[in-house]
Amino acid sequence: MTGPAPGPGLRTLRPGQSRGALVAGSVGNFIEWYEFGVYGYFATIIAARFFTPEGGSAVEALVKTYASFALAFFFRPVGAAVFGRLGDRIGRRPVLIVVIALMTGATTAIGALPTYATVGALAPWLLTLLRVLQGLSAGGEFGGAVSLMTEFAPPGRRGLYGSWQSFTVALGLLGGAGAAALLATLLSAEQLGDWGWRLPFLLTLPMGLGALWLRLRLAETPVFEAEREQVRQGEPERPAAGEVVRAVALGAGRVMGWSAAGYTLLVVLPSYLQSALNTSFRQALLATVLANLGFAATIVPAGLLSDRIGRRPVMLAGAGLVVVLALPLLNLLQESGTSNATKGVAVCVAGGVVGLMAGPGPAMLAEMFPTGVRYTGLGLAYALSNAVFSGCAGLIITEAVKRTGNIDIPGYYAATTCAVSVLALAKVPSRKGS
């Protein structure tokens with residue numbers, strides 16, 4: 001199933017309306033991924049504070065922390081289905097307002113949570129509850145934001161506009177890494193573990209209020225307004241449920257490699273470097289910053305290129321390169337004789353390759369679904385892929401390395417999932433972005 005062009009005619013847009021929608025759609029993604037990045041970067045500290053009763057091992061606590069991380073991802077499809085259905089019926093704008101309020105409240109609350117030492121076994125349950133709320137809101141965020149951006153995009157610019165969703169993901173992860181690195185530099189290890197880790201979560205409150213203000217000023221997309229007018233005049237023809245389910249499954253397969261490789265190389269990397277390769281917290285964060293810089297550098301150019309030559313060749317190039325390069329790049333990091341400069345280039349290249357998939361990905365998903373099911377369809381495809389292949393990345397990798405002792409597991413994981421995406425991407429229509 002392929003939907004009609006999401007972008008409206010230019011005559012329906014006021015000057016600056018497209019850019020305003022771009023900013024309002026992007027800001028929620030920034031906050032969401034800033035928080036998920038912070039949680040990943042502070043995973044070892046959170047494990048010690050919330051999941052390590054007296055006598056528990058550090059590895060066991062880290063696995064439980066990633067289990068909580070994964071649980072939030074498994075609530076993303078629920079959020080995508082619930083908020084997506086609302087967004088396809090009452091509009092993108094009101095649902096995106098609710099989603100940003102929920103996300104901001106849950107993330108800020110994590111920064112104020114009592115730890116295991118204070119409230120005992122209640123602490124991990126409270127943390128897990130807030131992670132569930134974050135998962136629900138994140139599930140509703142992607143479909144709405146991408147629908148908003150691509151439906152406001154001028155003709156021939158959907159790849160570029162959609163790429164800003166991924167670009168703000170990179171900015172959010174970089175913001176989280178920057179906040180963690182700054183705190184690790186300014187505070188002692190004791191201060192960071194006692195209270196410093198809370199600050200990045202509390203910082204979400206002013207950011208979320210700013211995002212809420214932007215979305216309150218937002219107009220509904222002309223494409224959705226036209227769809228609503230058709231509903232008033234008589235129910236428009238909708239795709240069969242089976243068609244939508246098949247499109248969701250295919251979309252999830254197409255972004256599987258993006259999800260798995262992105263989280264493996266951009267979020268899980270710090271904890272892997274610390275636990276498997278015994279690097280310091282600061283060194284691990286620096287590697288992650290470089291990987292995210294490479295990621296950010298290629299996203300928008302990849303989206304723009306996909307408007308010229310099509311989504312398929314750009315995304316296939318990214319997935320194929322991960323298949324070929326994942327293990328060699330990981331081996332460079334493992335070699336004690338590899339210089340720091342070479343390691344820096346390696347992680348930067350790894351991030352850049354993932355960006356080739358992330359740039360065109362949102363527009364590719366938006367073009368798979370017609371207006372009446374777009375919010376739900378693309379949101380579910382992305383959320384399901386992320387639930388299985390991103391949310392479980394830390395858990396799978398940590399547990400697999402622990403059981404097998406094979407420190408190449410992250411490379412195999414990224415390469416295998418991207419190989420499956422290559423097969424699914426081969427069926428993307430070859431048309432250029434219009």
Side-chain angles (χ1 to χ4, degrees), residues 3 5-34 83-84 87 91-100 103-104 137-138 140-175 207-226 295-308 311 314 355 358-367 369 371 374-375 378-379 382 433-434:
L10 288 176
R11 67 183 183 278
T12 63
L13 299 178
R14 297 192 301 272
Q17 201 171 13
S18 292
R19 290 189 297 274
L22 195 63
V23 174
S26 299
V27 69
N29 296 307
F30 174 87
I31 294 171
E32 173 196 339
W33 291 90
Y34 162 85
F83 290 117
R92 291 35 170 143
R93 176 184 178 271
V95 177
L96 283 171
I97 288 171
V98 172
V99 162
I100 195 66
M103 185 189 304
T104 300
S137 63
E141 174 66 28
F142 181 86
V146 173
S147 295
L148 184 81
M149 293 175 187
T150 56
E151 289 175 0
F152 267 115
R157 288 291 181 268
R158 287 196 304 276
L160 175 62
Y161 270 57
S163 70
W164 278 86
Q165 188 280 336
S166 298
F167 184 64
T168 50
V169 168
L171 292 182
L173 291 173
L174 281 169
M207 290 194 293
L209 292 175
L212 184 61
W213 178 77
L214 285 170
R215 290 189 174 178
L216 286 169
R217 293 164 50 88
L218 192 64
E220 190 53 78
T221 75
V223 170
F224 180 79
E225 292 287 9
F295 180 55
T298 59
I299 291 170
V300 175
L304 183 59
L305 183 62
S306 78
D307 283 329
R308 302 188 177 216
R311 320 294 177 213
V314 182
M364 180 272 297
L365 285 175
E367 289 164 348
F369 301 94
T371 305
R374 179 170 295 130
Y375 195 144
L378 74 90
Y382 182 77
S434 57

**Request:** Kindly give the heavy-atom pair with the smallest separation between Gly359 and Pro362, and that separation in Å.
**Result:** O-CD, 3.6 Å
**Request:** Take Val98 and Phe83, measure what side-chain contact (heavy atoms from CB on, under 4.5 Å) needs, and give me the verdict at the end.
**Result:** CA-CA 9 Å; Val98 172; Phe83 290 117; 4.1 Å; yes
**Spatial distance of atom CG (Leu148) from atom CG (Leu218) [nearest 0.5 Å]** = 5.0 Å
**Interatomic distance, Leu304 atom CG to Ser163 atom OG [nearest 0.5 angstrom]** = 8.0 Å
**Message:** Restricting to non-hydrogen atoms, name the atom on Gly159 and the atom on Ser306 that form the minimum distance, rounded to 0.1 Å.
**Reply:** CA-OG, 3.9 Å
**Message:** I'd like to check Thr104 versus Leu212 (side-chain heavy atoms, cut-off strictly below 4.5 Å). Are they in contact?
**Reply:** no
**Prompt:** Between Arg93 (side chain) and Ala219 (backbone), is there a donor-acceptor pair under 3.5 Å?
**Reply:** no
**Request:** Mind telling me whether Tyr382 and Phe142 have parallel, tilted or perpendicular rings, with 30° and 60° as the class edges?
**Result:** parallel
**Prompt:** Counting distance only, does the side-chain N/O of Arg374 pair as donor-acceptor with the main-chain N or O of Ala366 below 3.5 Å?
**Reply:** yes
**Item:** For Leu209, side-chain contact (heavy atoms from CB on, under 4.5 Å) partners two or more places apart
**Value:** Leu205
**Prompt:** Which heavy atom of Met103 sits nearest a heavy atom of Gly28, and at what distance?
**Reply:** SD-O, 3.8 Å
**Item:** Test side-chain contact (heavy atoms from CB on, under 4.5 Å) applied to Met149 and Ser26, step by step
**Value:** CA-CA 8 Å; Met149 293 175 187; Ser26 299; 3.3 Å; yes
**CD-CD1 distance between Glu141 and Ile31, expressed to the nearest 0.5 angstrom** = 8.5 Å
**Atom pair OG (Ser137) and CD1 (Ile100), whose distance is rounded to the nearest 0.5 Å** = 8.0 Å
**Message:** Could you work out, with ring pair (Phe, Tyr, Trp, His ring centres under 6.0 Å) as the rule, every residue matching Phe167, not counting sequence neighbours?
**Reply:** Trp164
**Message:** Is it the case that the side chain of Arg215 and the backbone of Leu96 share a donor-acceptor pair, with hydrogens and angles ignored and the cut-off at 3.5 Å?
**Reply:** yes
**Request:** Can you see which heavy atom on Gly25 is nearest to which on Ala145, and at what distance?
**Result:** O-CB, 3.6 Å
**Asked** Tell me, do Thr168 and Val27 make a side-chain contact under 4.5 Å, heavy atoms counted?
**Response** no
**Request:** With sequence neighbours excluded, tell me which residues meet side chain to side chain donor-acceptor pair (under 3.5 Å) with Thr221.
**Result:** Glu151
**Request:** Only counting residues at least two apart or in another chain, list the ones meeting ring pair (Phe, Tyr, Trp, His ring centres under 6.0 Å) with Tyr375.
**Result:** none
**Complete:** Taken to the nearest 0.5 Å, the spacing of Gln165 CD from Phe30 CZ works out to 13.5 Å
**Closest contact, heavy atoms only, Leu214 versus Ala24** = O-CB, 4.3 Å
**Message:** Please find the pair of heavy atoms, one from Gly143 and one from Ser147, that lie closest to each other, and give the distance.
**Reply:** O-OG, 2.7 Å
**Any residue meeting side-chain contact (heavy atoms from CB on, under 4.5 Å) with Pro301, in chain and number order, not counting sequence neighbours** = none
**Request:** Kindly determine whether Tyr161 and Leu22 satisfy side-chain contact (heavy atoms from CB on, under 4.5 Å), including the steps that lead there.
**Result:** CA-CA 7 Å; Tyr161 270 57; Leu22 195 63; 3.7 Å; yes
**Message:** With rounding to the nearest 0.5 angstrom, report the CE to OH distance, Met207 to Tyr34.
**Reply:** 4.5 Å
**Message:** Any side-chain to backbone donor/acceptor pair from Thr371 onto Phe224? Under 3.5 Å, distance only.
**Reply:** no
**Complete:** Residues passing the salt bridge (charged side-chain N to carboxylate O under 4.0 Å, His left out) test with Glu225, sequence neighbours excluded, are Arg228
**Message:** Distance alone, cut at 3.5 Å: any donor-acceptor contact between the side chains of Thr150 and Arg158?
**Reply:** no
